[in-house]
Every structure is written in C-alpha cells, then in structure tokens.
*Asks:* 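Mind looking over this structure? Questions follow.
To find a chain, count down the sequence lines: A is the first, B the second, and so on, and within it residues start at 1.
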4 protein chains.
Amino acid sequence: MGVLERQEKEQAIIRAAEEVFFSKGFYNAKMEEVAAKAGLSKGLLYFYFNSKDDLLMAITYKAFERIISTYQKVLSSIQYKTGKEKVLAIMQAYTEFSQKYFYYHEAILNYMSIVRLSLEQEKKGATGILNMETTKQSPYYQKIKSIHNKPVSLVIGAIKEGVQDGSIRNRQKPQMIYVTLWAIIIGYVKLNISMGGQDTTIYHVNPDKWQAYLFQIADHILSTP
Amino acid sequence: MGVLERQEKEQAIIRAAEEVFFSKGFYNAKMEEVAAKAGLSKGLLYFYFNSKDDLLMAITYKAFERIISTYQKVLSSIQYKTGKEKVLAIMQAYTEFSQKYFYYHEAILNYMSIVRLSLEQEKKGATGILNMETTKQSPYYQKIKSIHNKPVSLVIGAIKEGVQDGSIRNRQKPQMIYVTLWAIIIGYVKLNISMGGQDTTIYHVNPDKWQAYLFQIADHILSTP
Amino acid sequence: MGVLERQEKEQAIIRAAEEVFFSKGFYNAKMEEVAAKAGLSKGLLYFYFNSKDDLLMAITYKAFERIISTYQKVLSSIQYKTGKEKVLAIMQAYTEFSQKYFYYHEAILNYMSIVRLSLEQEKKGATGILNMETTKQSPYYQKIKSIHNKPVSLVIGAIKEGVQDGSIRNRQKPQMIYVTLWAIIIGYVKLNISMGGQDTTIYHVNPDKWQAYLFQIADHILSTP
Amino acid sequence: MGVLERQEKEQAIIRAAEEVFFSKGFYNAKMEEVAAKAGLSKGLLYFYFNSKDDLLMAITYKAFERIISTYQKVLSSIQYKTGKEKVLAIMQAYTEFSQKYFYYHEAILNYMSIVRLSLEQEKKGATGILNMETTKQSPYYQKIKSIHNKPVSLVIGAIKEGVQDGSIRNRQKPQMIYVTLWAIIIGYVKLNISMGGQDTTIYHVNPDKWQAYLFQIADHILSTP
DNA sequence: AATGAATGAGCGTTCATTCAT
DNA sequence: AATGAATGAACGCTCATTCAT
C-alpha cells in the first residue's frame, strides 16, 4: 500500500470522525460509529491514530492547515493591496470558513482551551472536553504546536503592513487590534450559530446584513485613529 | 421536611454540581463527586433532580435567574439615566458576571445550542455537550423556556429607550444593535478565557485595557448614526 | 447493610474469583465469569475491589491469613513439644494446606515474585502474571506487606527453639535450614501437582510414600549435626 | 529459500520469542514485539508457527532438546565414573542450566502442567498459562511428547547404574530417588529466584553455600541405605 | 426522605490472527 | 516467502441510574 493510499485512508477516517464528533459531540461520539462511517473496522482506527483524542487532534491539525492555507491564498491574491484590505479580506475568509466548517472553528477554540490549560497547571475552570493526559501524548497535538501561531502572525503581519502603508490609522497596538477584531468574529460566529445559522432569523436579524454591518464596524475600527 | 429545607438542599446540590461540572467538565464530572461535595448521598440527587442533564439545566436556570436579577438591579439603580447608559451598564454587568461566573456564561451558551438543535431537527453542526433526549425531558429545561427571552428583552428595551431619548443615535434595528454588542462581549469573554483570563497576558494585551477599549467601541457604535 | 453482610459478600466474591482464576488461569479468567459465579453483577465487583489485580491480592491476603492461622494453631497445639517436632508439624501442615488449597500456594509464590520484582527495579526475568503498576496500588497488596514475614518468622522461631532444646542438631544457620526444608516442600508440591496429585502415580511413585520419605529426610536434616 | 535459511529464520524467531516472552511474561508479550526483535514481519511469524501458543511450545521443545543434549554430554564426559557421580553431575548440570536459562526451566514446568491437565480432563487447579485448546493443536506440542520422557529416563538410568555399581546404596525405588532429588532442585531454583537470584541474599543465605549444602544432602541421600 | 448497594449497558482499547498483494 | 494493513472478538472498567430498605 502506497503512502498516498495510506494518506487517503487517514483522511477518510478524519472525515468520518469530523461528521460523528461534531454531530453528536465528542463525548457522545463512538469510535465504532466513526469506523462504520469510514467503512473500516474499529481496530484500524487505532492503526492510524493513537486514540480518540489523537483523532480529534488530527482534525484540529487539519483545521489549522486549512486556515493557514486559506489565509495564504487570500494574501497572495491581493498581494498589492493595502494592509487594511488584507486584514478585512482575512476576516472575511475566516468568517466564511467558520460558517462552512463550523467544526473546524470549534476544534480550534477547543485546542486553545487545551493549550491554556496546559500552560497554567491549575485545574480551576477546566471545561475542556478532552482528557489532558491522553491529548498531550497525541502526535497530532505535538504537530499543531509547531504551526498554531501561524494564523495569528499572518494577521498581525497584515495589520503592521496597514499601519506602515497608512491604511490602518488605529493607534492601538497591533495585538490589541487583532484580538478586538477576532473577538467580534468569534462572537458573531457563535451567536450566529446559536441563532440557527444562515437559514433562520431569530431576533429578526438577517445574518447577511448583520455580517455586513459588522464588517463596516471593523473597517471603522481599523480606519479611525 | 419543610419546603425551605428542601430548597436549601436543592441549592446545596446545585452549588456542588456547579463546582464539579465546571472544574472537570460536564462529562468528566461524576454524580458521586457532586453528592460527596454536597454532603448527601448519591441516591438523593435523583430525588431532587431527574438526571445529570436535569442538574445541568437547573444550573442553567439559576444562571438565567441571576442574569435577569442582575440586569434588573442595574436598571433600577440607574432608572433615570439615558438608554445608552443603561445598555452600557448592562454590558458592563454581564462582562463582570461572566468573568466571575464563567460557568454560568458557558451554561447559557450551551443552552442556546440546545434550543437551536431542538428547533432545527437537523443534527448538522450539533456540538452541544448534552444528550438531547434526556435534556428535553428535564423539568428545568422547560422552566428555562419561560424566562429565556427576558434578558434579551430587557436589553432591547433599554436600546429602544436610548433611541427614544436620543442617547442612542445608531439607526440600525434594536435587535441588530443587540446582537452586535453581544457578539463583542461573547467574543471577548471567550478569547479572554482562552488567553488565560485576567492573570496572564498572551499576545501582550492587557485584559483591562482591552476591555476598556471594547467599551469605547461599544459606546461609539451606540452613539454614531 | 451491616458490616458482616458486607464481609460475607466480599468473601463470596473472593471464593468465586479463586475458582475462576485458578481453574482458567488469571489471564484467561474473566471478571464477568467471576461475577456470574458469585451471583452478582460485574459492576459490584468493582465496588468491593479496585481491580482484577486487587482481587488476586485479596485472595493472596486470605492465603497468608490462612497459613499464619494454621501455623499458630499447630504451634499452640504442641506447645510443649520440641522445636524439631514443631518444625516438622508446620511442614506437615503446609504440605496438607498446599495440596488442599493449591491455588493459595500458587498465590503466595506469585506474590513472592512480585515482591522480588518490585525490590529489584530490573525487568529482566520478570515472569510474574501481574501488571506491577496496578498491583502496587492494590490496598490488599499493601495489607499483605504487613504480614508477609510472619510465616517465615514462625518457622525460624521454631528452628531456633529446636536448636536451644537440643532437638535440632544441624549446625547450619536457622535461615539455611529454613530455605532448605522449604525448597523440599515447594519442589514436592510442584512435582506432585505436575504428576497429577494424589490420584495418579506417574513414574510409579506413590505420593503418600514419597511424602513420608521426604519427611524422613527432613527429620534427618534437622537431627544430624 | 533453502532449508537451512528456513531453519535459521525459525531459530531467530524462537530466540526473539524467548526474550520477549520471558522478560514480559507470556501474556504481556506481543507478537508484534517478537517480530520486531526477530527483524521480521508479524505475518511471517504465522508462516513459521501456528500460533502464539505454538511458539511457546517451540521454545519448550528447544528447552527439552537442550536438556537432553546437556545430559548426554555430561554422561559421555564421565562415562567411566560411578552412577552416583553421574546423577550428581546431571543434577549439577541442570542446576546451572536452570539458572542460566531460567525460562527454559519455567517452560518445562509449564509443559508439565499442561500434560497433566490434558491427562485429567478436570480443570481443577489448572494454573497453566496456556489456552489448552490451541496448545493441543500445536505441532511442537506433539513433537515434545516424543522426547519428554528422555531426560527422566537418562537420570533413572544413571540411578540404576549407581545401584548396580554400589555407589548408590539408597534402597528406595529409582523413581522415588529421582523425584526426591528433583523436588529439591525445583524447590531450590524456585526459591532462589524468588529470593532474587545469585545477586541478593534474602534471609541472609548465601546462594552458593546453600547450593553446596543441598548437594551434600543429595549425596547423603544417594549414599545412605 | 434518605441511603448506598446493586445494576448493566456501554466504551475505548488491545492484539492474535488473517489475507490481499 | 514475505509484508503489514485489516479484522473483530474480547475485556477491564466506568458510572448514571435504580431500588430495597
């Protein structure tokens, strides 16, 4: 069996796991079901992945890869535009991404909780859905570590560019600008999903209009000194 | 046993459950430990609550009660101020609340996911931490339904007041303003927690300054036409 | 449920485990079967015992208790006889004991392997049938530690007595005498069992005559300077 | 592939299995690890051996071969000495052998348990580490049967010789003498191992002195009418 | 009301064995 | 002969829930 075929099977398992984990929740998800959905035996799952946690980390790794590649595509397609436009384009891209692949978004947020938990050794407030011990042993967890700063640094790079080229006149620190914009997106995605996504309009707010409005605010934040 | 004693015991269980559920995560939490922490037997838990899910719903109900009462206190304490000030005060109150009682915040968000899931029968994107079947049978779940719109309507009321009294000059629909401000708060709380709360400053952003900055933005959103 | 009833149930489980563990071998034994044989649910086994290993240690503890009490009974029944007679009586008692309860004998030998393994940290030559980690956590393992020297010291005490009263004229160190006699018994029990116990006479050796002959040798060892 | 190469590979597997089985115990040993240690694929193990049990039987067969050849070498090297000297020399050889290759000793004892179990159909007292069904189907198990009496008959032959030539004056049946001496050796090896082998001196008994003492007893047993 | 012993379905994981190549 | 991916039965253990008292 070639490396390619092997990677394909790995991806098949990951795809099955994505469906199962995020439709039933990680804890309610059963490896048996993942295997069935992937058309493989349960045992084979453990040939490709160390544990259930490892599988979730594999999904998360894929999420990071996707995000990074999306950002890079966006940035290279508007290589000669202003920093502000780049930041807004990335925001736009992430918003679309997280709506299309909501579970990748959740996986990433979950990963952030884990990292934080492992940084502070305290257990207080630990609401993560993973068993830390097993997770830390996951090879995919280790792999993520090497790339998990990339998305942030791409955005912060764009912000700095915007400050340089004058398109961003906000005088807060780039990091401050970053977390502010990110808070808006995260909040939007969470509330939007809680409200039922694009299809329903709870509170009588049209998601598209709302999103447009939020980007208007983001633009204002970036443009105003 | 009097009603009072009974309510006290109920509250003792809920308090114990809060601690356990949110320090270990709902799935890792054990009823045994809740009972021990409450100083009661495991069996008695099931006299007061139908199930583990019911217990979480009881916590969520309490969370809603607290939020509502907090809002009402805030509103009555600044009864004669402008609508904008009321909205900002409520935002401020919620921010403090969610930082102090992070698990109430999480419980409410979790509840929102459940509601959405039960509205749409589709399972896609379901990431809730609860087994839907058991949850729907929870009496507390039913109780929450009767009050879950209250917080929203209090804020929207304040927004409308602000529009009336001229303190809020934003011409978007009150609902739009509401979800926008709420997205910012939710995103802030989530990111802030992911960054390690008040104690650490990942990305070199000071949480207090960041919060102040966000409220500045919120003020601007409300004030600008 | 009283303490007595609880202890009875514990003993019922231990008895069931004895049967299953030693008829199929520890590894082939299934907790399910132990539960069935005890007439209880599988879960209850884990209410009374921490793990499968703990259960084996409980059996071993019982084995030690039995041995010690057997020795004490023997010794008190021949309180005024010579040391040599005491030693021989104990040997006789152990031989009967290990033939009647062969699994107790095996359990004790197994325990000795474990102790040795935990003394030396080296893994070389480790043929024990237990997972060291789990075993060390077993409360019964800890309990055994407090009594595991008792049988040896009772015998060595009797040997010293015999040396004092002149019935034992062997001038080797008491410990040397002890291990020598014990080697004979252990070898006898092992070979006897391997030959099929009392019922068959492989090699055309009658077990009773053989045993008598071995005791004659033991007597000689003790009596001869 | 020639027969030679094939036998070499078989031996490589057996050697690997010896290491793994006896360092981790048969049940904790994994075929995967055996394969890795032998430098072969897991699948190939099953080309050479029917099952894990078969592999253990192969080791046991090798153990018997070694014993027999050791005995024969010893006997031919002292062809013209007395029967007693031959018996003692064999005992000496076995003692050395079992200390050097403890696992061969264990394998042989294990085999004896199996034989006994298969003779009696009763399961009582069965403490073997093997699944009887699979073992009986092992070709190596069948092979052992054809030679398993050889070591015994060699020793008994020497005993008879000693009786003839007058060096052995013990008037017990040769078989009785055989099992007696063997019990001493088996007990010695077992206790010695339980005490931690040659390196430590539990009970303050020096293994070498003890062994010398035991051979003195053996000599006495053989020499005394 | 209260206890805590008892239940049993459920799950992640392991690993000897098989089989397509 | 040889590989190693694939299988699937098996098992120890957990824990929400129930129930006899």
*Asks:* May I have the distance from C:Ile13 (atom CD1) to F:dC13 (atom C1'), rounded to whole angstrom?
*Replies:* 15 Å
*Asks:* Separation of D:Leu55 atom CG from E:dT17 atom P, in whole Å?
*Replies:* 10 Å
*Asks:* To the nearest angstrom, how far is A:Leu44 atom CG from E:dA20 atom P?
*Replies:* 15 Å
*Asks:* Kindly say whether, by distance alone, the side chain of D:Lys42 makes a donor-acceptor pair under 3.5 Å with the base of F:dT3?
*Replies:* no
*Asks:* From C:Leu55 CG over to C:Thr60 OG1, what is the distance, rounded to the nearest 0.5 angstrom?
*Replies:* 9.5 Å
*Asks:* Would A:Tyr27 and B:Asn28 count as having a side-chain donor-acceptor pair, cut-off 3.5 Å?
*Replies:* yes
*Asks:* Between C1' on E:dG4 and CZ on C:Arg6, what's the gap in Å once rounded to a whole number?
*Replies:* 9 Å
*Asks:* Provide the distance between the two C1' atoms, one in F:dT21 and one in E:dA1, to the nearest whole Å.
*Replies:* 13 Å
*Asks:* Just by distance, with hydrogens left out, do D:Glu18 and D:Tyr104 show a side-chain donor and acceptor under 3.5 Å apart?
*Replies:* yes
*Asks:* Looking only at side-chain atoms of C:Lys52, point me to the closest of E:dG12, F:dT3, F:dC13.
*Replies:* F:dC13
*Asks:* Over how many whole Å does the gap from A:Glu10 atom CD to F:dA6 atom P extend?
*Replies:* 11 Å
*Asks:* On DNA chain F, compare the nucleotides closest to B:Tyr46 and C:Lys30; which residue's is nearer the 5' end?
*Replies:* C:Lys30
*Asks:* Under 4.0 Å, heavy atoms only, any strand: does D:Ala29 hit a base, just the sugar-phosphate, or nothing?
*Replies:* sugar-phosphate
*Asks:* Whole-Å distance between E:dC15 P and D:Phe26 CZ?
*Replies:* 13 Å
*Asks:* Need to verify one output field. Residue with the more 5' nearest nucleotide on DNA chain E, C:Glu32 or B:Ser41?
*Replies:* B:Ser41
*Asks:* Classify the angle between the aromatic ring planes of D:Phe21 and D:Phe26 as parallel (below 30°), tilted (30 to 60°) or perpendicular (above 60°).
*Replies:* perpendicular
*Asks:* For DNA chain E, whose closest nucleotide is more 5', that of D:Met31 or that of C:Leu40?
*Replies:* C:Leu40
*Asks:* Should D:Tyr48 be listed as having a side-chain N or O under 4.0 Å from OP1 or OP2 of F:dA1?
*Replies:* no
*Asks:* Which is it for C:Lys9 and C:Tyr48 under the side-chain hydrogen bond (donor to acceptor under 3.5 Å, both in side chains) test, yes or no, and what are the steps along the way?
*Replies:* CA-CA 9 Å; C:Lys9 211 154 265 184; C:Tyr48 285 99; 5.2 Å; no
*Asks:* Nearest to the side chain of C:Phe47, which nucleotide is it out of E:dA5, E:dT13, F:dA1?
*Replies:* E:dA5
*Asks:* Applying the Watson-Crick and G-U wobble criteria at under 3.5 Å, what pairs with F:dA1? Answer none if nothing qualifies.
*Replies:* none
*Asks:* With a 3.5 Å limit on both atom pairs, tell me what E:dT17 is paired to, counting Watson-Crick and G-U wobble, or say none.
*Replies:* F:dA6
*Asks:* Could you tell me how far apart B:Phe49 (CZ) and F:dA16 (P) are, to the nearest whole angstrom?
*Replies:* 15 Å
*Asks:* From CD of A:Glu33 over to C1' of E:dG12, roughly how many Å is that when rounded to an integer?
*Replies:* 15 Å
